[in-house]
2 protein chains.
Amino acid sequence: MPSRKKSPTIYDVAKLSGVSISTISRVLNAPDKVNSETHKRVMNAIDQLGFVPRAEARARALQNTDRIGVLTPFFTAPSFVQRLRGVASALSKANYELVIYPVDSMDHLQGYISSIPLMRNIDGLIIMSLSLGDQDAQRLFNNGMETVLIEYSHPDLNSILIDDQHGGRLVAEHLVGKGHKIVAFLGDIEPPERFAIHPVKSRLAGFVQGLSEAGLSLPKAYIRSCPYTQNESRQAALELLTLPKPPTAIFAGSDFQALSVMKVARQLNIKIPDDLAVVGFDDIDVADHVDLTTIRQHLDESGRLAAEILLARISEHDRPLQHINLPLNLIERMTG
Amino acid sequence: MPSRKKSPTIYDVAKLSGVSISTISRVLNAPDKVNSETHKRVMNAIDQLGFVPRAEARARALQNTDRIGVLTPFFTAPSFVQRLRGVASALSKANYELVIYPVDSMDHLQGYISSIPLMRNIDGLIIMSLSLGDQDAQRLFNNGMETVLIEYSHPDLNSILIDDQHGGRLVAEHLVGKGHKIVAFLGDIEPPERFAIHPVKSRLAGFVQGLSEAGLSLPKAYIRSCPYTQNESRQAALELLTLPKPPTAIFAGSDFQALSVMKVARQLNIKIPDDLAVVGFDDIDVADHVDLTTIRQHLDESGRLAAEILLARISEHDRPLQHINLPLNLIERMTG
DNA sequence: TGCTAAACTGAAAGTGCTTTCAGAAAACAC
DNA sequence: GTGTTTTCTGAAAGCACTTTCAGTTTAGCA
């Protein structure tokens with residue numbers, strides 16, 4: 001039988017220690033303003049009863065929840081996880097809780113956006129890789145919900161961006177520098193999800209631009225659009241590598257898809273990097289593991305930064321908005 | 001200037017629609033008990049004002065929060081992420097929020113355990129791969145905090161386990177069946193974290209047992225204990241593969257470490273699976289990507305199941321406790 | 001028309017804490 | 001011994017809902 005004795009309230013402590021509830025509260029929230037004798041007596045009572053202030057009640061009175069929310073699609077994809085890791089590390093230092101709202105449909109997103117700012121059950125919001133209508137942004141702003149956008153921007157909200165196009169160009173320059181003449185691209189250029197943003201297109205655009213600046217072109221046949229999934233990526237890689245004139249380098253729109261390319265290459269007995277160079281994008285943990293050359297976009301850091309900006313704004317509402325552009329670097333490993 | 005007009009309360013709605021606040025509440029929580037005419041008027045006012053009940057206030061009055069917490073170490077390691085994915089998928093169906101408490105020290109764990117059940121800011125708790133003192137388990141139980149343990153068990157709380165030792169034996173049987181005579185093990189057998197549980201030891205034990213049943217032994221030199229990190233794993237793999245009589249098969253305690261083994265093998269130009277078989281444990285997403293033979297422990301499913309059990313117990317407190325044992329299967333792919 | 005049952009309503013109490021504010025007690029100076 | 005600070009204290013008013021319960025309407029029926 002669960003001895004579900006309801007936990008003690010501030011009143012119980014007050015009764016036991018013979019003072020009023022406000023004194024208890026003061027002992028907890030402003031200890032220096034309480035007689036040290038009383039303080040001791042109250043603390044004894046608290047220990048004796050095992051009293052812990054109820055979080056919801058506290059939040060109600062305090063108007064803050066010590067909780068921040070993260071709105072994210074694909075929340076278990078490696079790149080998102082790493083952002084989340086950054087967020088979590090910054091938050092746990094500051095004793096904030098992390099609430100995750102996984103978004104996997106437009107409805108989902110709309111539902112969250114319309115209720116979150118009003119429910120007031122979080123102090124701040126981080127929105128990852130989701131495109132936000134102007135209305136929604138306004139709504140967040142008008143309701144005074146502190147928000148940081150990652151991979152998207154809006155003039156009224158903080159944002160952290162990377163220059164995907166520039167990243168694409170970096171890859172082009174790198175491959176050109178290595179002497180490649182026939183290159184290919186593989187990535188999720190036409191994703192079906194309307195709620196998420198799609199940086200891969202920009203990566204390709206930058207790639208094409210970088211190539212053309214070096215006098216190289218990227219014919220249609222050397223661009224494969226394929227979803228993030230493993231099978232489709234492998235299929236696309238296979239098609240690229242079995243072209244009459246196969247590419248000597250492939251740029252994959254994400255590290256995960258680069259893995260697929262590497263796998264197919266192994267199956268075809270194509271040597272990496274001798275016969276084929278592979279470059280990814282993101283620099284997820286696994287990239288290091290498999291020695292993948294890739295564009296590092298400081299995923300952990302973007303999350304940490306987002307959290308820090310948010311916390312700063314929460315404690316000082318009138319701090320200026322920040323629009324940060326995170327740098328990209330090419331990390332050269334073994335694959336190209 | 002953020003037009004921080006404070007959002008409307010139930011009182012505003014009451015005033016506008018000319019009824020009392022309780023009627024508003026009833027319209028929201030028991031619509032069928034309200035005159036349809038009134039109902040319409042109230043809904044109009046709600047829409048007009050854009051009213052949304054404040055979550056904290058609601059939680060206070062209702063005594064439930066529609067929020068469940070997950071206590072987890074290493075929360076961004078792939079296997080934990082996949083469990084989390086399972087949890088999230090089950091929760092979002094039921095409209096519950098997911099709060100993550102990352103644990104990275106004993107103090108952290110103690111802090112959470114001692115305040116969470118009393119703060120009452122979650123309705124239920126999932127504890128992943130953390131060893132729970134009897135006191136703490138009692139505390140959760142006594143305070144009526146519904147809890148599901150994963151990878152750990154306690155008679156008073158729900159639990160989901162896998163039989164790591166059996167998993168180890170499966171690997172042994174598989175490798176023996178393939179005719180391997182000299183095998184090795186690599187894994188994090190002596191982890192420093194006191195707060196987390198360490199299933200790898202059991203995996204090794206089962207492995208050894210399975211081997212010895214087939215008349216094979218596993219000499220000390222063929223067992224490398226090394227932390228989860230990449231560098232250390234690679235070092236250990238290197239040592240194993242450069243033994244005078246190198247093993248023809250390596251069982252890694254986790255998929256992530258199996259990746260390191262594969263990498264080193266490639267560097268040494270050792271062909272997988274011809275010259276070396278590699279078997280991992282967990283079956284994380286990447287395992288499929290790199291075609292790693294491994295033990296599947298249904299990570300997503302364990303999370304989903306935990307969430308479902310929790311939700312069931314929350315809605316019916318007197319449902320019996322569940323102690324579930326999840327099956328393991330060997331998934332044979334290309335590496336062994 | 002009068003009576004009863006059914007359907008609905010709103011005042012008020014409860015939820016557990018923070019914080020303000022007026023006033024009491026103690027300490028100090030003269 | 002009075003006046004003035006300084007330091008504490010506790011009653012009470014929020015905070016924004018839900019829910020109970022007594023009371024009022026309305027409808028139905030003979």
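These values consider heavy atoms only, across backbone and side chains, with no hydrogens, waters or symmetry-generated copies. Each chain gets a letter, A, B and so on, in the order its sequence line appears, and its residues count up from 1.
- Taking every heavy atom of residues 18-29 of chain A and every atom of DNA chain D, pairs under 4.0 Å involve V19(A), S20(A), S22(A), T23(A), R26(A), by number.
- With axes fitted over five pairs at each extremity, the angle between the ends of the helix from dT1(C)-dA30(D) to dC30(C)-dG1(D) is 40° (10° resolution).
- Distance, Y11(B) OH to dC17(D) P: 8 Å, rounded to whole Å.
- The nearest whole Å value for the distance from the CD atom in Q63(A) to the C1' atom in dT18(C) is 10 Å.
- Taking atom NZ of K15(B) as the reference point, atom C1' of dA11(C) lies 17 Å away to the nearest angstrom.
- Considering only residues two or more places apart in sequence or on other chains, F51(A) meets the ring pair (Phe, Tyr, Trp, His ring centres under 6.0 Å) condition with none of them.
- Of the candidates dT18(D), dC17(C), dT9(D), dT18(D) carries the atom nearest the L62(B) side chain, counting heavy atoms from C-beta on.
- Considering every non-hydrogen atom in both I150(B) and A306(B), the closest pair reads CD1-CB, 3.7 Å.
- When the side-chain nitrogen and oxygen atoms of T9(B) are compared with OP1 and OP2 of dC15(D), none of them lie within a distance under 4.0 Å.
- Applying the side-chain contact (heavy atoms from CB on, under 4.5 Å) test to S79(B) and every residue at least two apart in sequence or in another chain returns D282(B), I284(B), L299(B).
- In terms of the side-chain contact (heavy atoms from CB on, under 4.5 Å) criterion, residue partners of I21(A) (sequence neighbours excluded) are, by chain and number, I10(A), Y11(A), A14(A).
- Rounding to whole angstrom units, NZ of residue K33(B) and P of dC21(D) are separated by 13 Å.
- The side chain to side chain donor-acceptor pair (under 3.5 Å) check on T65(A) picks up D123(A), with sequence neighbours excluded.
- For residues 65-76 of chain A, the salt bridge (Lys or Arg N to Asp or Glu O under 4.0 Å) pairs, not counting sequence neighbours, are E56(A)-R67(A), R67(A)-E97(A), R67(A)-E56(B).
- Which of dA16(D), dC8(D), dC17(D) sits closest to the side chain of R58(B) comes down to dC17(D).
- Within the 4.0 angstrom heavy-atom criterion, base atoms lie near R60(B).
- Rounded to a whole Å, the CG atom of N64(A) is 16 Å from the P atom of dC17(C).
- Applying the side-chain hydrogen bond (donor to acceptor under 3.5 Å, both in side chains) definition to pairs two or more places apart or across chains, none involves residues 36-47 of chain B.
- Using cut-offs of 30° and 60° on the angle between ring planes, the pair Y101(A) and Y112(A) is perpendicular.
- Taking atom CG of residue N35(A) and atom P of nucleotide dA27(C), one finds them 10 Å apart after rounding to whole Å.
- Applying the salt bridge (Lys or Arg N to Asp or Glu O under 4.0 Å) test to pairs two or more places apart or on separate chains, none has a residue in residues 133-142 of chain B.
- Between the C1' atom of dA16(D) and the CG atom of N121(A) lies a distance of 14 Å, rounded to the nearest Å.
- Separating the NE2 atom of H39(B) from the P atom of dC8(C) is a distance of 12 Å, rounded to the nearest angstrom.
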